[in-house]
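Worksheet: the structure to be examined is printed underneath.
What you see below is based on every heavy atom in this structure, not just the backbone, and it leaves out hydrogens, waters and symmetry mates. Below, chain A is the first sequence line, B the second, and so on; all start at residue 1.
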Protein chains: 2
Amino acid sequence: MRPREFDHDEVLRIAFDQFWRKGVRGTSLSDIARDAAVQRGSLYNAFGSKEALFLQAYERYAGDYLAKLQKALGAGSLRKRLTAFFDLTITNFRSGTPPRGCPTTRGLMELGGAEGEGLDDNARQAFANLISRITALLQDTLAAGAARGEFDGNPAAAALHIVTVTRGLAVLERAFGDEPQLRKIAAHTIDLVLGRNGG
Amino acid sequence: MRPREFDHDEVLRIAFDQFWRKGVRGTSLSDIARDAAVQRGSLYNAFGSKEALFLQAYERYAGDYLAKLQKALGAGSLRKRLTAFFDLTITNFRSGTPPRGCPTTRGLMELGGAEGEGLDDNARQAFANLISRITALLQDTLAAGAARGEFDGNPAAAALHIVTVTRGLAVLERAFGDEPQLRKIAAHTIDLVLGRNGG
DNA sequence: ATCAGTTTTTGACACGATGTCGAGAAAGCA
DNA sequence: TGCTTTCTCGACATCGTGTCAAAAACTGAT
């Protein structure tokens with residue numbers, strides 16, 4: 001069979017960059033084809049449809065992001081880990097020029113709810129994953145370090161609260177673009193969840 | 001001069017309903033024209049463009065919503081007011097069949113960030129307005145009822161936190177569609193901000 | 001080396017959406 | 001009744017998605 005003339009992964013990377021910067025609906029396959037130096041028809045042949053291309057590009061991004069997340073949540077005191085988590089989140093939203101915001105949140109609001117329920121599953125999965133990781137983190141802290149008083153709340157409720165705040169940050173980033181404000185909210189959230197003296 | 005053959009306000013109402021249900025990019029002017037029994041060209045003549053139509057329809061909605069907001073924030077203990085505020089917010093997200101989500105958040109993520117910075121100003125305005133109203137509410141409570149211990153935090157930071165959570169709720173609503181979960185997060189947020197015994 | 005089979009590439013096509021334009025219709029006013 | 005203004009309506013240009021068929025390029029077997 002005839003071999004493909006372009007790098008599958010490279011195209012996903014280029015496509016996701018465009019989707020991230022301009023949104024899914026704001027990016028045409030012609031844009032991607034031009035940027036990737038590939039014929040538009042070849043994109044349909046290789047990926048199926050615009051939404052399918054976005055989903056594959058998103059999965060690629062999500063894999064990369066997961067590694068960073070592991071690192072952020074993996075070491076130090078609970079407060080340090082949560083701080084690193086919020087820092088990773090905000091830094092990700094503010095990356096690029098101009099800042100690109102949160103691709104998961106944007107994709108979810110752009111695609112979900114119309115007819116094509118495309119990103120719903122991926123976003124749901126990503127959020128659920130985040131929630132259970134943080135729940136586990138809080139549970140471990142609660143079990144292992146109760147004496148130290150790092151955290152004494154409800155792990156599941158607190159984790160849900162934290163993830164909700166990160167989603168709110170994604171929205172406020174688009175509205176205000178005020179990074180110091182986002183970081184203040186993050187710090188305040190950590191204080192609320194841990195208690196101002198906790199950690 | 002010849003009078004217009006359709007009800008300007010009625011068309012805005014119909015248009016916003018479609019935008020809310022299907023998103024801005026997911027709604028065509030042909031859809032609206034059909035629903036409103038108006039020629040597509042007349043819409044362009046009367047409103048200028050699709051985005052301009054959306055913005056005018058949004059302003060109309062925002063005016064309606066403001067009245068409900070006043071009512072929710074206007075009476076009772078601080079805890080009652082915040083509860084009413086979250087309740088209004090969530091009920092609004094969950095209105096319609098299927099639930100339509102938050103039009104401000106969705107519009108912001110859909111329009112803002114590409115080229116047309118259309119809803120940015122409106123959303124920014126709406127959020128900023130919300131933040132200052134709640135800040136004032138908390139300040140008043142702090143000043144008037146400090147002895148009762150309803151609230152003893154930083155009003156601005158707490159208000160920002162609360163609004164951030166409502167934006168996060170808008171996102172989680174799209175991802176999970178789990179209304180009880182949203183209400184739990186809201187209750188938990190009030191507890192965190194007021195202290196579990198406050199109010 | 002040639003040839004059949006398979007997959008990719010490529011350009012043409014159909015369709016729908018946005019936005020513009022001009023001609024015609026209709027209301028109000030002198 | 002006739003004039004003017006505004007609206008309505010259909011045609012058009014442009015762009016985006018998605019489909020299809022034919023051509024091109026590689027593989028492997030004869």
Side-chain angles (χ1 to χ4, degrees), chain A residues 1-58 106-107 110-119, chain B residues 1-12 14-58 106-107 109-119:
Chain A
M1 69 181 201
R2 177 175 178 177
R4 193 162 278 154
E5 291 185 4
F6 59 86
D7 182 340
H8 193 268
D9 227 56
E10 175 77 358
V11 168
L12 285 182
R13 209 182 49 73
I14 292 173
F16 192 75
D17 178 64
Q18 300 245 356
F19 286 137
W20 198 355
R21 285 191 288 108
K22 302 185 297 185
V24 177
R25 289 229 156 87
T27 303
S28 73
L29 284 202
S30 305
D31 292 341
I32 296 169
R34 188 176 352 94
D35 243 54
V38 170
Q39 285 293 113
R40 199 170 58 88
S42 298
L43 295 178
Y44 280 99
N45 178 59
F47 302 103
S49 70
K50 181 179 175 177
E51 184 162 334
L53 170 57
F54 172 70
L55 289 177
Q56 289 172 62
Y58 178 81
R106 182 167 183 178
E110 247 188 316
L111 295 182
E115 308 300 303
E117 305 196 358
L119 193 62
Chain B
M1 67 182 204
R2 176 176 176 179
R4 190 164 280 150
E5 290 186 5
F6 58 86
D7 183 339
H8 193 267
D9 227 54
E10 175 76 359
V11 169
L12 286 182
I14 293 173
F16 192 75
D17 177 65
Q18 300 246 354
F19 286 137
W20 197 355
R21 285 192 287 109
K22 302 185 297 184
V24 177
R25 289 230 157 85
T27 303
S28 74
L29 285 201
S30 305
D31 292 341
I32 295 169
R34 188 178 350 95
D35 242 54
V38 169
Q39 285 293 112
R40 200 169 57 88
S42 300
L43 294 178
Y44 280 99
N45 177 58
F47 301 102
S49 70
K50 181 179 176 178
E51 184 163 332
L53 170 59
F54 173 69
L55 289 177
Q56 290 172 61
Y58 179 79
R106 181 168 184 179
M109 301 304 277
E110 246 188 318
L111 295 183
E115 309 299 304
E117 304 197 357
L119 193 62

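- For Ala37(A), there are no side chain to side chain contact (heavy atoms under 4.5 Å, CB included) partners at least two apart in sequence or on another chain.
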- line: In B/S/- notation (B base, S sugar-phosphate only, - none; protein heavy atoms under 4.0 Å), nucleotides 11-16 of chain D written 5' to 3' is -----S

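- In the 5' to 3' direction, nucleotides of DNA chain C lying under 4.0 Å from heavy atoms of chain B begin and end at dA17(C) to dG28(C).
- DNA chain C lies under 4.0 Å from at least one heavy atom of each of the following residues of residues 41-48 of chain A: Gly41(A), Ser42(A), Asn45(A).
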Polar atom pairs (N or O), protein with nucleotides 21-24 of chain D, under 3.5 Å:
{"from": "dA24(D)", "atom 1": "N3", "to": "Arg2(A)", "atom 2": "NH1", "distance (Å)": "2.9"}

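- Nearest-nucleotide positions on DNA chain C place Val24(B) closer to the 5' end than the other of Glu5(B) and Val24(B).
- Glu10(A) pairs by the side-chain hydrogen bond (donor to acceptor under 3.5 Å, both in side chains) definition with Arg13(A), not counting sequence neighbours.
- In this view, Asp31(B) and Gln18(B), Lys22(B), Thr27(B), Ser28(B), Arg34(B) satisfy the side chain to side chain contact (heavy atoms under 4.5 Å, CB included) rule, not counting sequence neighbours.
- Considering only side-chain atoms of Ser49(A), the nucleotide from dC9(D), dG18(D), dC7(D) that sits closest is dG18(D).
- The backbone N or O of Glu110(B) sits less than 3.5 Å from a side-chain atom of Arg25(B), completing a donor-acceptor pair.
- For Glu5(A), the side-chain hydrogen bond (donor to acceptor under 3.5 Å, both in side chains) partners are Arg2(A), not counting sequence neighbours.
- Scored by the side-chain hydrogen bond (donor to acceptor under 3.5 Å, both in side chains) test, Arg40(B) finds no partners at all (sequence neighbours excluded).
- For Phe19(B), the ring pair (Phe, Tyr, Trp, His ring centres under 6.0 Å) partners at least two apart in sequence or on another chain are Phe54(B).
- When every heavy atom of Leu29(A) is checked against every heavy atom of Leu43(A), the shortest pair comes out as O-CD1, 3.8 Å.
- One finds the CG atom of Asp35(A) at 7.5 Å from the CG atom of Asp17(A) (value rounded to the nearest 0.5 Å).
- Of all heavy-atom pairs between Phe6(B) and Ser42(B), the closest is CE2-CB, 4.1 Å.
- Listed here is the closest heavy atom pair of Asp9(B) and Asp7(B): N-OD1, 3.0 Å.
- A donor-acceptor pair under 3.5 Å is absent between the side-chain atoms of Lys50(B) and the main chain of Tyr44(B), judged by distance alone.
- Distance Gln39(A) CD to dT17(D) C1': 16 Å, rounded to the nearest Å.
- Legend: residues meeting ring pair (Phe, Tyr, Trp, His ring centres under 6.0 Å) with Phe47(A), ordered by chain and number and at least two apart, are His8(A).
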